[in-house]
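A short write-up of the structure that comes next.
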2 protein chains.
Amino acid sequence: MTTEPEVPAYRPPTLTDVAKLAGVSVATASKAINGRGEVRSSTRVRVLEAAELLSFAPNALARGLLSGRTGTVGLLTSDLEGRFSIPILMGAEDASGAGQVSVFLCDARGDAIREKHHVQALLSRRVDGLIVVGSRTDPRPPLAGTIPVPVVYVYAPSADPADISITVDNVGGGRLAIEHLLACGRRAIAHITGEAGFQAARDRAEGAAAALAAAGLPMVGDRPYFGSWDESWGRAAAHMVIEQHPEVDAIFCGSDQIARGVLETLRDFGRDVPRSISVIGFDNWEAIAADSRPRLTSIDMNLKHLGEVAGQRLFAAIDGAAPSSEEFPGRVVMRESTLPVG
Amino acid sequence: MTTEPEVPAYRPPTLTDVAKLAGVSVATASKAINGRGEVRSSTRVRVLEAAELLSFAPNALARGLLSGRTGTVGLLTSDLEGRFSIPILMGAEDASGAGQVSVFLCDARGDAIREKHHVQALLSRRVDGLIVVGSRTDPRPPLAGTIPVPVVYVYAPSADPADISITVDNVGGGRLAIEHLLACGRRAIAHITGEAGFQAARDRAEGAAAALAAAGLPMVGDRPYFGSWDESWGRAAAHMVIEQHPEVDAIFCGSDQIARGVLETLRDFGRDVPRSISVIGFDNWEAIAADSRPRLTSIDMNLKHLGEVAGQRLFAAIDGAAPSSEEFPGRVVMRESTLPVG
DNA sequence: CTGAAAGCGCTTACAG
DNA sequence: CTGAAAGCGCTTACAG
């Protein structure tokens with residue numbers, strides 16, 4: 001049995017190939033291609049034509065080795081499946097401009113070991129910086145070990161205030177929701193939300209309470225109904241609220257899924273939304289909010305924008321800018337579930 | 001105004017640093033760290049300690065430059081926001097093993113120009129291969145230009161049968177759904193689905209028709225109700241079906257969102273699910289299917305597995321394996337909306 | 001067992 | 001305006 005001759009693997013063209021074809025030195029070819037240094041224009045044209053002909057694509061590895069910059073950024077997420085990471089990730093990708101920068105994606109799945117591993121892999125690939133995306137708004141421990149490149153935390157802030165964290169103002173979001181309901185003429189407002197163990201739930205509730213207090217109004221039931229983030233809880237909690245406080249004329253829900261459950265129970269009770277009672281959700285999750293009956297008004301956290309800002313901050317930090325954190329307000333996306341009462 | 005002295009940027013430790021600290025040559029340090037060549041064990045220990053002390057992480061760029069392999073794969077998606085890409089992406093990431101391989105993520109957003117641009121960026125970073133994830137099952141044109149590395153298409157197959165495509169068997173999925181309804185004792189089955197312009201809609205309908213024909217049963221309404229993929233269409237179509245064909249005892253929906261709309265209308269009509277009529281969805285989208293009332297039985301396309309297989313195929317192809325495509329069946333995830341009739 | 005040397009593909013002073 | 005040479009950080013024959 002003889003060894004088959006190796007099929008010669010396709011070898012991408014190098015600058016040397018281009019230079020040879022154009023009849024110049026690699027140094028000149030390099031300058032021509034990068035528009036650096038003085039090159040006679042006829043020479044440049046010849047080089048560019050050769051590069052075109054060979055479909056030459058400069059080897060970014062070799063460049064990175066020289067310059068120390070790789071034009072590459074690491075994106076560390078903890079829940080790729082979770083819907084919060086994705087818009088952030090898209091924003092970050094947008095911020096990286098039309099392909100000047102490429103993004104390495106890693107999912108640590110909330111596992112510290114895996115995270116350390118990924119950071120190591122990213123660092124050995126010499127990323128110029130890191131973006132760390134969390135899946136809930138509770139502060140997280142900063143990346144372990146010494147990280148030789150800038151790091152930006154998004155959605156979930158770093159517990160270290162010296163780090164750069166780009167976050168959502170959930171207290172403000174809660175306030176926004178209540179203010180919108182007040183603007184719609186509502187006065188008897190309840191708040192049904194997710195697990196109290198989540199900072200997001202507590203923050204939104206705090207904002208809601210503050211806005212009601214500012215208006216001199218009590219919260220229906222006297223406190224938020226903490227439970228879980230899903231429809232079942234929305235259904236169950238709405239049931240309680242309606243029975244115990246039939247005067248309720250608006251419900252602020254901590255998530256769109258809760259709001260869907262609330263809508264369902266309200267229909268069971270024959271309460272018309274929005275004529276008899278208004279409902280507002282949180283997250284503005286299109287698939288949940290945009291096609292319900294009635295369509296759901298919701299607070300949008302502008303996650304994509306958050307990602308864009310994170311990307312911009314990271315690039316600024318790479319270029320030497322001082323670290324600074326920022327918190328962004330959400331916005332009300334109005335649909336039919338809160339139409340102002342005549 | 002004087003120029004500030006440059007703050008000396010942090011320089012990651014190199015193999016030379018490690019070798020110096022261990023008192024050996026870089027060649028020996030390299031062998032010790034990679035476990036290659038004969039190195040006295042006391043020497044190896046000394047080198048490894050030095051590496052540990054300096055937190056040395058080998059420069060993957062330099063390695064890649066030498067070996068021609070970067071341990072890096074490009075993931076080209078066309079709709080990052082779309083929920084189909086994400087599980088596939090996770091599967092592909094899983095297949096890449098515990099960080100041996102890192103994934104470059106790019107979103108072309110269905111734009112050919114952007115796609116070309118990203119491919120170029122990926123290629124110049126010398127990825128070892130590419131995974132192309134589509135957002136619908138219609139065949140897509142293969143990547144433009146000569147791609148010097150293996151490519152695997154997932155979900156959306158390449159129009160070129162010589163390419164490697166890993167896809168879902170949607171015809172089989174439609175068949176599965178009908179067979180499940182038949183197994184539940186249903187005989188008068190309607191099919192409400194998305195736009196006929198989607199191969200996925202046509203394939204599922206084809207499978208459904210075949211399974212009904214095999215059972216010697218007609219499809220209620222004589223043809224599928226093509227419309228759109230959302231809840232509104234589910235509500236409207238169910239309305240029609242119920243009014244025109246009150247004998248219907250099961251509805252196969254082309255998406256979970258359609259199924260949610262159908263459930264809502266059935267409740268409006270006082271039709272009990274699943275006692276009076278069964279409903280099955282498609283996609284098994286947790287957020288939509290898992291917490292409805294009743295919870296929704298659905299066809300799961302095993303997208304994550306698709307991604308894993310795509311990753312494995314890519315790595316095999318990188319190692320020289322012959323290209324081969326594969327189509328995977330979905331599976332029924334049973335919940336309460338189809339409980340067999342007593 | 002260890003190390004000097006060449007080289008991966010590129011860029012950047014520095015001569016000419 | 002052009003090119004020879006050095007070097008980025010590593011690995012791999014090849015001597016010793």
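The basis for the numbers below is simple: all heavy atoms, side chains too, and nothing from hydrogens, waters or symmetry mates.
- Figure legend. dC14(D) is base-paired to dG3(C); pairs are counted as Watson-Crick or G-U wobble with both atom distances under 3.5 Å.
- Separating the CD atom of E38(B) from the C1' atom of dG3(C) is a distance of 16 Å, rounded to the nearest angstrom.
- If you take CD1 of I33(A) and P of dT11(C), they are 8 Å apart, rounded to a whole angstrom.
- Within 4.0 Å of T14(B), counting heavy atoms only, lie sugar-phosphate atoms of the nucleic acid but no base atom.
- Note: H305(B) and F328(B) have perpendicular aromatic rings, judged against thresholds of 30 and 60 degrees for the angle between ring planes.
- For L65(A), taking side-chain heavy atoms from C-beta onward, the closest of the listed nucleotides dC10(C), dT2(D), dG9(D) is dG9(D).
- In this structure, of dC1(C), dT11(C), dC10(D), it is dC1(C) that holds the atom nearest to the side chain of R40(B).
- Side-chain polar atoms of R313(A) and S325(A) form no donor-acceptor pair below 3.5 angstrom.
- Here the P atom of nucleotide dG9(C) and the CG atom of L61(B) are 14 Å apart, to the nearest Å.
- Nearest-nucleotide positions on DNA chain D place G23(A) closer to the 5' end than the other of R126(A) and G23(A).
- The CZ-P distance, from R44(B) to dC1(C), rounds to 9 Å in whole Å.
- Taking side-chain N and O atoms only, R63(B) has a distance below 4.0 Å to OP1 or OP2 of dT11(D).
- Within the nucleic acid shown, T43(B) comes within 4.0 Å of sugar-phosphate atoms alone, with no base atom in reach, counting heavy atoms only.
- In the set dG3(D), dT11(C), dT2(D), the nucleotide with an atom closest to the side chain of S30(A) is dT11(C).
- Distances were taken from every side-chain heavy atom of K31(A) (C-beta onward) to each of dT12(C), dC1(D), dT11(C); the shortest belongs to dT12(C).
- Looking at every heavy atom in both residues, T77(A) comes nearest to S85(A) through OG1-OG, 3.2 Å.
- Closest approach to the T28(B) side chain among dG9(C), dG3(C), dC10(D) is made by dG3(C) (side chain taken as heavy atoms from C-beta onward).
- Relative ring orientation between F84(A) and Y155(A) is described as parallel, the plane-to-plane angle staying below 30° on a 0-90° scale split at 30° and 60°.
- When distances run from any side-chain atom of R36(A) to the nucleotides dT12(C), dG9(D), dT12(D), the shortest one goes to dT12(C).
- Taking atom CG on L15(B) and atom P on dA4(C), their separation rounds to 14 Å, with Å as the unit.
- Atom CG in N34(B) sits about 10 Å away from atom P in dC10(D), given to the nearest Å.
- Distance, L66(A) CG to dC8(D) P: 9 Å, rounded to whole Å.
- For the pair N59(A) and dC8(C), the criterion of a side-chain N or O lying under 4.0 Å from OP1 or OP2 is not met.
- Defined by atom type and a distance below 3.5 Å, a donor-acceptor pair is missing between the side-chain atoms of R125(B) and T72(B).
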